[in-house]
Amino acid sequence: LTETFSELVISHPHADHYNGLLRCASSGTGGVGRGPLLVDGATFFHPRVPENPEARNLLFRLMALNTVLSGLPETALSSAVVACAAGGIARQPLMRGDAITLAGQPVDVLWPPKTLDARSSSRLQRLVQSYDDLAADAAQQGDEQLLRVLATIRDRWENVEDALYGPTYASSELRERETPPVLDGDLSDDEGIVERERDTADSLRSLRHAITRGANLLSLVLATADRRYAFLGDADASVHGDVASVLVDYELEVLMSAHHGTYFSPELSHLKSRYVISSVGPPLLANVRDEYDRIGMHLRTHRAGDITAWVSDSGTWVVAGSPRP
Ligand SMILES: [Zn+2]
């Protein structure tokens, strides 16, 4: 691999969506034994956090839980971006209605919206409330372990996007201050996290699960302007109708399934695509939805190996690597 990249897109701040970047960062060279992965002046795209206070409150709590339960520091993503960059990085938050260019292709942002509707925001509010209830219970019962975990939300975080994705990377001075994250264990999918959770209280474990699912409401969904390629990220089922209405009149070439192929709702069944790709490993494999098979040729990375799709004058090429052992 000798390619360098001028654009980096992170669909949402879940470690299973940037563990490749963490690996590159921890290899010390920022690019697996070669030069940095990202060119000087590269753009780092990520979802904008909707302006509802619940979204911000939920993400702070997600960071707090992940810092303790997964052992990934809350700054891991931003440190990894810096460690993989040859120089300055421009960070750009995205929301529905934005139009950007990725690898020369015009791309539309379909999700998240600037403001979540009442149903979504009350769902997030309920999750925030369960976190705070659990914290209150822990305080009352003097549960030290639980309190330690729940007290991790830090007041110093003012801007949730800065906290999640780093401040700005315009200056190379920043690079010198940052240290690449230290990784332990296997980050592939959620295995490392599952391992740690065995020692964790049930209440905390189910709270983390619920909050993690809630954060999928905030995932990026992208489609090329010609509607031939669409990337559903970890889009929650409640978002599928919204997204499908933008894609349903088109013949897609490649559709990246939602949440590793495990989220599917009837609204998606009207879509047509030459290929459907599910990026999935053992923890979620059993939950991949066969309904995607009816949309197009459904390739699962667990079976097919790493999948590369590219566009040429003669059409879309999809190449699968060897299956993982
Ligand atoms: Zn995911």
Side-chain angles (χ1 to χ4, degrees), residues 8-24 44-50 55 58-59 61-63 65-67 69-72 74 76-78 80-81 94 109-112 120 123-124 127 164-165 181 183 185-197 205-223 230-240 243 254-265 268 276-289 291-292 298-304 306-307 309 324:
L8 168 72
V9 183
I10 298 283
S11 61
H12 61 304
H14 282 165
D16 62 324
H17 291 252
Y18 60 83
N19 55 22
L21 195 73
L22 292 175
R23 249 182 235 291
C24 286
F44 170 25
F45 296 101
H46 61 78
R48 184 177 280 291
V49 176
L58 181 95
L59 287 170
R61 282 157 183 77
L62 176 70
M63 276 189 273
L65 288 172
N66 280 343
T67 299
L69 294 181
S70 77
L72 274 179
E74 72 281 1
L77 173 56
S78 61
V81 170
L94 300 174
V109 181
L110 307 186
W111 198 265
S120 301
R123 192 167 139 202
L124 298 188
L127 291 168
L164 281 171
Y165 304 107
L183 299 183
D186 184 8
L187 274 170
S188 62
D189 303 300
D190 257 344
E191 285 163 65
I193 292 168
V194 171
E195 187 66 35
R196 259 169 228 275
E197 281 194 342
R205 196 160 49 210
S206 58
L207 181 64
R208 179 182 176 274
H209 187 69
I211 287 191
T212 300
R213 284 192 67 128
N216 287 337
L217 264 171
L218 311 175
S219 170
L220 267 183
V221 177
L222 304 174
F231 309 88
L232 300 184
D234 271 3
D236 182 83
S238 64
V239 171
H240 292 180
V243 164
V254 175
L255 174 71
M256 280 288 288
S257 62
H259 195 258
H260 315 271
T262 70
Y263 288 0
F264 187 89
S265 41
L268 294 181
V276 179
I277 299 176
S278 291
S279 176
V280 64
L284 290 173
L285 198 58
N287 304 329
V288 174
R289 301 284 295 264
E291 289 95 327
Y292 280 111
H298 186 188
L299 303 166
R300 297 154 165 87
T301 55
H302 179 70
R303 256 183 234 156
D306 292 335
I307 294 171
R324 289 174 194 151

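Counting starts at 1 for both ligands and their atoms, following the listed order. These values consider heavy atoms only, across backbone and side chains, with no hydrogens, waters or symmetry-generated copies. By convention here, the first residue in the shown sequence is residue 1.
Counting non-hydrogen atoms of neighbouring residues, nucleotides and ligands closer than 6.0 angstrom, the CZ atom of R213 reaches no more than 12 such neighbours.
Every residue meeting the side-chain hydrogen bond (donor to acceptor under 3.5 Å, both in side chains) condition with R123, not counting sequence neighbours, appears here in chain and number order: D236. With sequence neighbours left out, H298 forms a side-chain hydrogen bond (donor to acceptor under 3.5 Å, both in side chains) with S278, D293. Annotation: side chain to side chain contact (heavy atoms under 4.5 Å, CB included) contacts of P13 (sequence neighbours excluded): L59, L164, Y165.
With rounding to the nearest 0.5 angstrom, the OG atom of S257 is 10.5 Å from the CG atom of L299.
With a cut-off of 2.8 Å, the protein N/O/S atoms near the Zn ion (ligand 1) add up to 4.
Between H260 and H302, the distance separating the two ring centers is not shorter than 6.0 angstrom.
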